[in-house]
Amino acid sequence: SVMAGSIAHNFNNMLMGIQGNLEMALIDLPGDAPIRSNIDEALRATGRAADLSGLMLTFAGKNRMEMQRLNLTDVAGGLTEILDVAVSEKISLQYQSAQVPLFFKGDPVQINQLLTNLVTNATESFDDGGGTITISTGMVYHSRNEVQQPFLKSPLPEGEYVCLAVADTGSGISPEDVDKVFDPFFTTKFTGRGLGLAAVLGVIRAHNGGVSIDSEPGRGTTIRVYFPAEKIPKPPRPKPVQPAFPGISFTGTILLVDDDPMVLSVGRRMLLRLGFDVLTAGDGCEGMAVFQERKEEISCVILDLTMPCMDGTEVLRALHELRPDLPVILSSGYTEEQVSRRLTDIRPAAFLQKPFQMNALARQIERVLQDRGRKPDQPAEPPDEG
């Protein structure tokens with residue numbers, strides 16, 4: 001898990017350089033430039049990569065349940081694209097999507113883990129290494145006691161359910177083994193496997209869901225997972241279109257401190273676009289030296305967490321001792337929750353997780369500068385929910 005977290009952190013730094021440069025390229029392009037569609041597609045891919053990196057960080061940290069409204073159609077479709085690259089070339093991975101949204105309450109990390117484990121289990125069912133795995137989604141209605149669940153000891157309550165099915169054309173499961181497939185360490189293959197489906201059952205239980213298995217030796221296996229469906233919400237009010245170039249009502253000098261040259265370069269150009277003067281430093285010691293020399297003119301510091309010489313926590317404490325009123329925005333490829341564990345005695349004015357977009361950078365800077373300029377009896381602005 002430590003290695004996964006470290007890889008994701010460094011991966012987010014690289015995504016920051018890719019995403020930031022793409023965003024600024026869009027700003028410079030005329031609205032009718034044909035290449036805009038290529039850049040938009042690259043930005044969407046970067047967003048999917050950031051989601052995958054976030055999944056790795058969550059696995060590496062404390063995996064707590066964060067239930068939210070999910071659309072099973074989108075969740076399964078997005079992960080299928082990733083899994084399709086990971087499975088053997090001999091295996092055809094297909095996705096049959098429902099034509100309507102399938103809403104349910106779930107933890108996105110655990111649902112992704114469930115689907116990944118189901119597909120991994122299916123890939124191991126092919127004796128000759130080749131075959132077809134089909135992922136499908138749909139909505140079903142279960143009457144009372146219709147789905148008996150020996151794995152969960154009780155039938156599903158009557159009602160509507162979203163259904164995720166993973167079907168393979170593999171070797172199948174014998175009748176005497178079907179009831180054992182969710183047991184920890186049970187496997188019909190080589191030793192050392194067998195936790196995948198046990199984890200699947202844990203996710204199903206945590207989501208008050210259900211599961212059924214159809215299998216026959218030599219004819220493959222279909223595992224269906226059911227989650228209680230939620231009513232389709234009313235369409236949200238259309239949000240105002242964000243300008244390509246975010247406006248900001250403050251000016252001044254910002255010190256940007258980061259040991260990654262790509263992040264330093266793209267961050268500097270973003271800040272210049274926003275109308276600020278920019279000072280940069282490549283590590284904590286250099287950052288403190290620049291601050292000591294120019295401290296009277298610096299309005300805000302954007303500070304990386306993991307750096308040589310002095311890391312972000314040490315620089316944050318030193319800056320607070322020199323200028324307690326100075327707004328410091330901490331930036332990291334790790335999540336805010338993981339960063340907060342390292343900050344026990346002092347907090348930054350704001351946090352930006354890499355890769356961040358230019359609008360997010362602008363909003364955080366404006367917020368911390370507004371807070372700095374507010375009189376003591378003025379109420380604080382509510383935190384940005386975006």
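Nothing here was measured: the structure is a model prediction, and the numbers come from that model.
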Exercise for the section: Would you please test Val328 and Val315 for side-chain contact (heavy atoms from CB on, under 4.5 Å) and show each step? Expected result: CA-CA 10 Å; Val328 178; Val315 176; over 6 Å; no
Taking the side chain from [X] and the backbone from [Y], do they hold a donor-acceptor pair closer than 3.5 Å?
X: Thr80; Y: Gln94; value: no
X: His207; Y: Val203; value: yes
X: Asn71; Y: Leu102; value: yes
X: Asn21; Y: Gly17; value: yes
X: Thr169; Y: Thr132; value: yes
X: Ser265; Y: Met262; value: no
X: Gln19; Y: Leu15; value: no
X: Thr280; Y: Val257; value: no

Handout entry: Ile213 side chain near Thr222 side chain, heavy-atom distance below 4.5 Å
Key =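 In short, these two side chains do not touch, never coming nearer than 4.5 Å.
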Which pairs would a plain distance check flag for residues 297-310, meaning a side-chain donor or acceptor within less than 3.5 Å of a matching protein atom at least two apart in sequence or in another chain?
residue: Glu297; atom: OE1; partner: Arg294; partner atom: NE; Å: 3.4
residue: Glu297; atom: OE1; partner: Arg294; partner atom: NH2; Å: 3.1
residue: Glu297; atom: OE2; partner: Arg294; partner atom: NE; Å: 2.8
residue: Asp304; atom: OD1; partner: Lys354; partner atom: NZ; Å: 3.1

Exercise for the section: Please list, chain by chain and in numerical order, all residues satisfying ring-ring contact (aromatic ring centres under 6.0 Å, His included) with Phe104, sequence neighbours excluded. Expected result: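 So Phe104 forms a ring-ring contact (aromatic ring centres under 6.0 Å, His included) with Phe227.
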Can you sort out the partners of [X] under side-chain hydrogen bond (donor to acceptor under 3.5 Å, both in side chains), two or more places apart, ordered by chain and number?
X: Thr137; value: none
X: Asp283; value: none
X: Glu230; value: Arg69
X: Gln68; value: none

Closest non-hydrogen atom pair between [X] and [Y], with its separation:
X: Val211; Y: Tyr226; result: N-CD1, 4.0 Å
X: Tyr95; Y: Leu72; result: OH-O, 4.3 Å
X: Phe126; Y: Thr123; result: CD1-O, 3.5 Å
X: Leu343; Y: Pro348; result: CD1-CD, 3.7 Å
X: Ala98; Y: Thr73; result: O-CG2, 3.7 Å
X: Ala281; Y: Leu264; result: O-CD1, 3.6 Å

Handout entry: salt bridge (Lys or Arg N to Asp or Glu O under 4.0 Å) partners of residues 217-228, not counting sequence neighbours, each pair once
Key =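 Passing the test, one end in residues 217-228: Asp214-Arg224.
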Practice task
Mind jotting down which residue pairs meet the salt bridge (Lys or Arg N to Asp or Glu O under 4.0 Å) criterion with at least one end in residues 72-87? Sequence neighbours excluded, please.
Solution key: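 Qualifying pairs: Arg48-Glu81.
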For [X], which residues count as a salt bridge (charged side-chain N to carboxylate O under 4.0 Å, His left out) partner, sequence neighbours excluded?
X: Asp311; result: Arg342
X: Asp32; result: none
X: Glu41; result: Arg44
X: Arg347; result: none

Practice task
Start with the C-alpha distance between Phe291 and Leu255, add both sets of side-chain angles, then the distance that settles side-chain contact (heavy atoms from CB on, under 4.5 Å), and finish with yes or no.
Solution key: CA-CA 8 Å; Phe291 180 78; Leu255 171 59; 4.1 Å; yes
Problem - Gln364 and Arg367: side chain donor to acceptor below 3.5 Å - result: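 On atom types as modelled, these side chains qualify, holding a pair under 3.5 Å.
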Exercise for the section: Indicate whether the side chain of Gln353 and that of Tyr334 have a donor and an acceptor atom separated by less than 3.5 Å. Expected result: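 No, no side-chain donor-acceptor pair sits under 3.5 Å.
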Exercise for the section: Identify which one of Asn359, Leu43, Ile39, Thr46 satisfies the side-chain contact (heavy atoms from CB on, under 4.5 Å) criterion when paired with Glu23. Expected result: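 The single option meeting the side-chain contact (heavy atoms from CB on, under 4.5 Å) with Glu23 is Leu43.
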Practice task
Using the side-chain contact (heavy atoms from CB on, under 4.5 Å) rule, take Phe356 and Ser331 through it: C-alpha gap first, then chi angles, then the decisive distance, then the call.
Solution key: CA-CA 9 Å; Phe356 51 81; Ser331 174; 3.5 Å; yes
Practice task
Evaluate whether atom CZ of Arg268 has more than 12 neighbouring non-hydrogen atoms of other residues, nucleotides or ligands under 6.0 angstrom away.
Solution key: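 No, because the 6.0 Å sphere around CZ of Arg268 holds 12 heavy atoms or fewer from other groups.
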Practice task
Go through the steps for Thr221 and Ile223 under the test side-chain contact (heavy atoms from CB on, under 4.5 Å), then give the verdict.
Solution key: CA-CA 7 Å; Thr221 301; Ile223 298 180; 4.1 Å; yes
